[in-house]
Amino acid sequence: MKVRDAKVLICCPGRNFVTLKITTDEGIYGLGDATLNGRELAVASYLSDHVVPCLIGRDPFQTEDIWQYLYRGAYWRRGPVTMTALAAVDTALWDIKGKALNTPVYNLLGGKSRKDVLVYGHANGGDIEETIDQVARYKEMGYLAIRAQSGIPGLPSTYGVAQDKFFYEPAEKGLPPENSWSSEKYLVHVPKLFEALRAKFGDELHLLHDVHHRLTPIEAARLGKALEPYHLFWLEDPVPAELQEGFRIIRRHTTTPLAVGEVFNTVWDAHILITEQLIDYLRMTVVHGGGITHLKKTAALAEIYHVQTGCHGATDLSPVAMAAALHFDISINNFGIQEYMRHTQETDEVFPHTYTFNNGCLHPGDGPGLGVDYDEKLAAKFPYERAYLPINRKLDGTMYNW
Ligand code: CS2
Ligand code: MG
């Protein structure tokens, strides 16, 4: 079998998605997600201008060699644009392999290690009361693990608090919106949120929280310590993680479990965090972490160091990335949890899929390949619209991390 054709498909059924469709001379096709929120067209160009011409005629079963060919062969390694493009190719090839062998992709990754995949949903509100109501709503839907975010008194808006409570979408049409930030106000508020949540829901529910890269290591250490009585499942992205050594400071002070890595591209973003056991969960996922081929190797390294996975699964990852993550999650031993933000109905219609939610867990389905398709006709009704993630400034105007 040989790759006959590959095309880059862009659509905006509520938000932008870039999808790679690789077709073989036997008529089998595979899909890969290539969406990089706010920088979509850069990946589309990287693929169609530079990668697709190199794929034609290759054997789609050679996932390892093609990965190395595109990674080493580009000379310019790593980076979100390169690695998202590479992930799209790799994912589409695994999809083809599964379809050609008439088996779900998880069978090619070691087979099922568990019945299904524990997921967490997103509850958020303008204040503590509203967040409590939203957590109750997710509990009623069957979620066993819930991420909780709330507005901060004195700040007009903050990360994780949605206009539409159910379909949280941080990117906005037009130019980047501006948020404002105060670590002081945030640090006083968050322990109160989790105190209230534990008082209301008891000890059994898994509770998670995302700091979204906004603290310094010593501030994160203080927050982790303050949250210990409420035993979070994890505290996510407490500080920006370019400086992996910074996590030593946090680790010295708190037993609150840490999750990091939704913006990581390769194992080289995480090797100190993993080998020094500075984190508990790795958030790298298929679409931004170099595809199934690279994520599987990274997870294998993490396994040795007691680090579990917790793949990113926000709405800006398409159902193709979600399906790929589920095949990966169900097959590896050191799976921890999977993020699951629901897509809008339009998105689900453009990407019909076999994965299903039941009792707080997702299952990828047992059909061949990844179990997700792309309705090109319907997608054509939703053309690309420029959109950006917000930026964030301190109250005095200083540019900060969003
Ligand atoms: C996030 C995302 O899901 C998460 O944990 O941090 O909401 C993130 O902000 C977006 O994926 C950015 O595109
Ligand atoms: Mg996050």
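Counting starts at 1 for both ligands and their atoms, in listed order.
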Report every pair formed by an N or O atom of ligand 1 and a protein N or O atom separated by less than 3.5 Å, giving atom names and the distance to 0.1 Å.
residue  : atom   : partner : partner atom : Å
ligand 1 : 3 (O)  : E339    : OE1          : 3.1
ligand 1 : 3 (O)  : E339    : OE2          : 2.4
ligand 1 : 5 (O)  : R147    : NH1          : 3.3
ligand 1 : 5 (O)  : D210    : OD2          : 3.0
ligand 1 : 5 (O)  : E236    : OE2          : 3.0
ligand 1 : 5 (O)  : E262    : OE1          : 3.0
ligand 1 : 5 (O)  : R283    : NH2          : 3.0
ligand 1 : 6 (O)  : Y159    : OH           : 3.1
ligand 1 : 6 (O)  : D210    : OD2          : 3.1
ligand 1 : 6 (O)  : H212    : NE2          : 3.0
ligand 1 : 6 (O)  : E262    : OE1          : 3.0
ligand 1 : 6 (O)  : E262    : OE2          : 2.6
ligand 1 : 7 (O)  : Y159    : OH           : 3.0
ligand 1 : 9 (O)  : H212    : NE2          : 2.8
ligand 1 : 11 (O) : H312    : NE2          : 3.0
ligand 1 : 11 (O) : D316    : OD1          : 2.8
ligand 1 : 11 (O) : D316    : OD2          : 3.1
ligand 1 : 13 (O) : N37     : ND2          : 2.9
ligand 1 : 13 (O) : D316    : OD1          : 3.4
ligand 1 : 13 (O) : D316    : OD2          : 2.9

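More than 12 heavy atoms of other residues, nucleotides or ligands lie within 6.0 Å of CZ in R77, so this atom counts as buried by the packing criterion. Within a 6.0 Å radius of NZ in K112, other residues, nucleotides and ligands contribute more than 12 heavy atoms.
For the pair R58 and Y69, the cation-pi test (distance below 6.0 Å, angle within 45°) is passed.
For the Mg ion (ligand 2), protein N/O/S neighbours under 2.8 Å (waters excluded) are D210 OD2, E236 OE2, E262 OE1.
Between H231 and D203, the side chains place a donor N or O and an acceptor N or O closer than 3.5 Å (distance only, hydrogens not considered). Between the side chains of H122 and E339, a donor-acceptor pair is found at a separation under 3.5 Å.
A heavy-atom distance below 4.5 Å is not found between the side chains of Y159 and P390.
Here the options are V135, I146, L232, the test is side chain to side chain contact (heavy atoms under 4.5 Å, CB included), and the partner is L197; only V135 passes.
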Name each donor-acceptor pair under 3.5 Å that joins a side chain in residues 44-55 to protein atoms two or more places apart or in another chain, with its distance.
residue : atom : partner : partner atom : Å
S45     : OG   : D49     : OD2          : 2.8
S48     : OG   : A44     : O            : 2.9

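T63 meets the side-chain hydrogen bond (donor to acceptor under 3.5 Å, both in side chains) test with K97; sequence neighbours excluded.
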